[in-house]
Protein chains: 2
Amino acid sequence: MNEQKTETEQQILKAAKQVFTRKGFGGTRMQEIANEAKINKSLLHYYFRSKQLLFEAIFKDTLFEFVGKIKLIFNSEEELITKIPKIVHTYSDYLQKNPYIVIFILRELQAEPKIILKIVEMINIKSFHFFEQINQEVEKGKMKPIKPEHLFINILSLTIFPVIAKPIIMAGLMQGSNELYNQFLEERKEIVINFIFSAIY
Amino acid sequence: MNEQKTETEQQILKAAKQVFTRKGFGGTRMQEIANEAKINKSLLHYYFRSKQLLFEAIFKDTLFEFVGKIKLIFNSEEELITKIPKIVHTYSDYLQKNPYIVIFILRELQAEPKIILKIVEMINIKSFHFFEQINQEVEKGKMKPIKPEHLFINILSLTIFPVIAKPIIMAGLMQGSNELYNQFLEERKEIVINFIFSAIY
DNA sequence: GTCTATAAGGTGATAGAC
DNA sequence: GTCTATCACCTTATAGAC
């Protein structure tokens, strides 16, 4: 999506994403973005006019990436029995690499819930092949009855929450050890898959 | 905990909690807290000296309330078969009434992870009766093998995530309708309980 | 396009009267 | 304890030279 942009512009976007996702809109200073991008602060305004506009560029992009990633894995043509494990693995890996963006999105959506509508409508979650698959398997009696919306949220919950609750889990269950926490996330993948399969089959 | 405090002080704490939990530290203006508490801005400094100190009072209190609530329900003396449904119901109701505090806590912990250690250590999550109960039932073969830590996180995930992801769920699955969303949360309680029971028994 | 300098406005914090 | 007035600082944003 950055094809037609100058190098400076891309540097700015990259730096802004890093700072905004960590500190949020209110906590971010334009100076910090400039430092991170190794450019002059005025250039931020030259390219994006205001903090608000720069923020919106980043926010939309991040939300689109996040929801688009969900679409990619839930919408694929694949049998559920291999698809569900793949969802858990792919999404867990993605979240571990991008641990800040979920809280960032949820936090800023709370302040400005309007932005989301267009983007989420564009994605059209309910059209995912996943939803049809669940209904079919339930109809055929291959799976215990469950509304696909709930199973969808259950999978996301079990995958996303442990990542965003990192500080509490580390302090409360892992004796403050980062290593133990990572190990916990790693072993969780198979445990979550088993948990889901036991619940629905 | 507010027993020895003047009325003004309590008004301030109440107002500060409301504003801080919605807007976070960076997004909060002292003037807004003063307005909310219907007092003069200088009084905030008279009672709490600085924004930082007022924030810390609120944050510790909120974190303590949140984790303490978990303790209360996971630590009770009760058979698992009735305890798990009670956990889901009690915590869901609590979260629906306090939808902002989870994101508030997670968001601010990201910025300042040190504060948590003392409070969470104080709570001593691993000592909850719940953990012992799971191990016992697994040993007796009454339950499929699962580490109590994972089951603990699974229950919290399934309960907490749908509340903090409200804007995305509303936009993506509920056609933007608040009513449909509330209905979804309501019916979820039993569905989550069934999901967990199917997975572990 | 990129820089320096500076304006314009807001925010936390304090002094001092009552 | 509570108020008004004000300071000192910080942050966004712009003007203008190069």
Side-chain angles (χ1 to χ4, degrees), chain A residues 1-62 100 104 107-108 110-112 115, chain B residues 1-62 104 107-108 110-112 114-115:
Chain A
M1 97 196 51
N2 293 347
E3 288 95 17
Q4 312 205 26
K5 293 182 171 127
T6 69
E7 202 183 325
T8 307
E9 206 168 348
Q10 290 186 44
Q11 273 177 285
I12 292 175
L13 285 169
K14 192 180 162 195
K17 183 168 184 172
Q18 205 166 110
V19 182
F20 274 133
T21 51
R22 276 169 176 67
K23 311 214 166 175
F25 180 80
T28 291
R29 299 291 95 104
M30 293 294 266
Q31 185 60 59
E32 195 172 348
I33 297 176
N35 294 343
E36 183 70 36
K38 282 165 187 147
I39 50 124
N40 191 284
K41 185 162 65 99
S42 318
L43 280 185
L44 298 178
H45 292 94
Y46 175 78
Y47 281 103
F48 294 93
R49 232 179 65 229
S50 71
K51 183 183 178 183
Q52 184 65 37
L53 287 171
L54 176 55
F55 174 79
E56 281 170 20
I58 297 298
F59 186 74
K60 283 178 190 161
D61 184 66
T62 307
Y100 297 108
F104 168 67
R107 175 74 179 67
E108 304 294 338
Q110 191 175 289
E112 211 51 62
I115 311 177
Chain B
M1 103 194 51
N2 292 346
E3 287 95 18
Q4 312 205 24
K5 291 179 172 133
T6 69
E7 202 183 326
T8 308
E9 204 168 349
Q10 290 187 44
Q11 273 176 286
I12 292 174
L13 285 169
K14 192 181 162 194
K17 182 167 186 174
Q18 203 166 110
V19 181
F20 274 133
T21 51
R22 276 170 178 67
K23 311 214 166 174
F25 181 80
T28 291
R29 299 292 95 103
M30 293 295 265
Q31 185 60 59
E32 196 174 347
I33 297 176
N35 294 343
E36 183 70 35
K38 283 165 187 150
I39 51 122
N40 192 283
K41 185 161 67 96
S42 321
L43 279 185
L44 298 178
H45 291 95
Y46 175 78
Y47 280 102
F48 294 93
R49 228 174 73 226
S50 71
K51 183 183 178 183
Q52 184 65 38
L53 287 172
L54 176 55
F55 174 79
E56 281 170 19
I58 298 298
F59 186 74
K60 282 177 192 161
D61 184 65
T62 307
F104 168 67
R107 175 73 179 67
E108 304 294 338
Q110 191 175 291
E112 212 49 64
K114 304 151 208 161
I115 310 177

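Each chain gets a letter, A, B and so on, in the order the sequences are listed, and its residues count up from 1.
- By the 4.5 Å heavy-atom criterion applied to side chains, A:Tyr100 and A:Gln18 are not counted as neighbours.
- With values rounded to the nearest 0.5 angstrom, A:Glu108 atom CD is found 12.0 Å from A:Ile58 atom CD1.
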What's touching nucleotides 3-7 of chain C from the protein side, N or O pairs under 3.5 Å?
| residue | atom | partner | partner atom | Å |
| --- | --- | --- | --- | --- |
| C:dC3 | OP2 | A:Asn40 | N | 3.2 |
| C:dT4 | OP2 | A:Asn40 | ND2 | 3.0 |
| C:dT4 | O4 | A:Ser42 | OG | 2.7 |

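- OP1 or OP2 of C:dA13 lies within a sub-4.0 Å distance of a side-chain N or O belonging to B:His45.
- Considering CG of A:Asn40 and CG of A:Asn35, their distance stands at 10.0 Å, rounded to 0.5 Å.
- Identified under the salt bridge (charged side-chain N to carboxylate O under 4.0 Å, His left out) test for residues 46-57 of chain B, with sequence neighbours left out: none.
- Summarising the geometry, atom CD1 belonging to A:Ile33 is positioned 9.5 Å from atom CZ belonging to A:Phe48; distances are rounded to the nearest 0.5 Å.
- Of the possible donor and acceptor atoms, one in the side chain of A:Gln110 sits under 3.5 Å from a partner among the backbone N and O of B:Arg22.
- Rounded to an integer number of Å, the gap from A:Leu44 CG to D:dT11 P is 14 Å.
- To the nearest angstrom, P of C:dG16 lies 17 Å from OH of B:Tyr46.
- The distance between atom CD1 of B:Ile33 and atom P of C:dA13, rounded to the nearest whole Å, is 11 Å.
- Checked against ring-ring contact (aromatic ring centres under 6.0 Å, His included), B:Phe25 has the following partners two or more places apart in sequence or in another chain: B:Phe55.
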query: Can you list the steps and then say if B:Tyr47 with B:Leu54 is a side chain to side chain contact (heavy atoms under 4.5 Å, CB included)?
result: CA-CA 9 Å; B:Tyr47 280 102; B:Leu54 176 55; over 6 Å; no
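- Residue pairs meeting the salt bridge (charged side-chain N to carboxylate O under 4.0 Å, His left out) criterion with at least one member in residues 28-42 of chain B, sequence neighbours excluded: B:Lys23-B:Glu32.
- Taking NZ of B:Lys14 as the start and CD1 of B:Ile12 as the end, the distance is 13.5 Å to the nearest 0.5 Å.
- Near DNA chain D, meaning a heavy atom under 4.0 Å from it, residues 21-32 of chain A has A:Thr28, A:Arg29, A:Met30 in order of number.
- Of the residues in residues 47-57 of chain B, those with a non-hydrogen atom less than 4.0 angstrom from any atom of DNA chain D are B:Tyr47.
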